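For reference, the structure is listed below as structure tokens.
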Amino acid sequence: MRYRLTFIAGLATGYVLGARAGRERYEQLRKAAQRVSQNPAVRNTAESAALTGREAASKAFGTVSAKVGERLPASVTDRVRSLRDQRGADEDDWGTSNT
């Protein structure tokens with residue numbers, strides 16, 4: 001109960017302070033965030049992090065499928081294979097386009 005009251009008090013405080021700051025401060029924060037997100041260094045770092053994450057997920061997939069693959073029911077493995085076959089060539093392993 002104590003944590004819930006603390007959370008509600010923090011939420012109310014944030015709301016009041018945000019309302020006092022107004023639209024002008026919101027626009028300043030939004031523009032600053034936009035500048036940071038369009039910075040080439042930030043974009044390169046985000047892309048390299050995404051690539052590293054994909055590589056780690058691929059390794060984890062291989063390890064898990066080697067250990068669990070034979071233990072899954074045939075209906076599950078057949079469904080996964082059919083979904084992979086239906087996936088387009090321009091999609092990555094997560095089912096998203098790689099553009």
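What you are looking at is a predicted structure, and each value in this text was computed from that prediction instead of being measured.
Shown here is R30, whose CZ atom has more than 12 heavy atoms of other residues, nucleotides or ligands within 6.0 Å. Other residues, nucleotides and ligands contribute over 12 non-hydrogen atoms within 6.0 Å of the CD atom of E27.
Rounding to the nearest 0.5 Å places CG of L29 at 11.0 Å from CD of E24.
Contact check for N39 versus R35: no side-chain heavy atoms found under the 4.5 Å cut-off.
Using a distance-only test at 3.5 Å, with no hydrogens or angles considered, no donor-acceptor pair links the side chain of S58 to the main chain of R54.
Minimum interatomic distance between Q38 and R43 (heavy atoms only, all atoms of both residues): O-CD, 4.0 Å.
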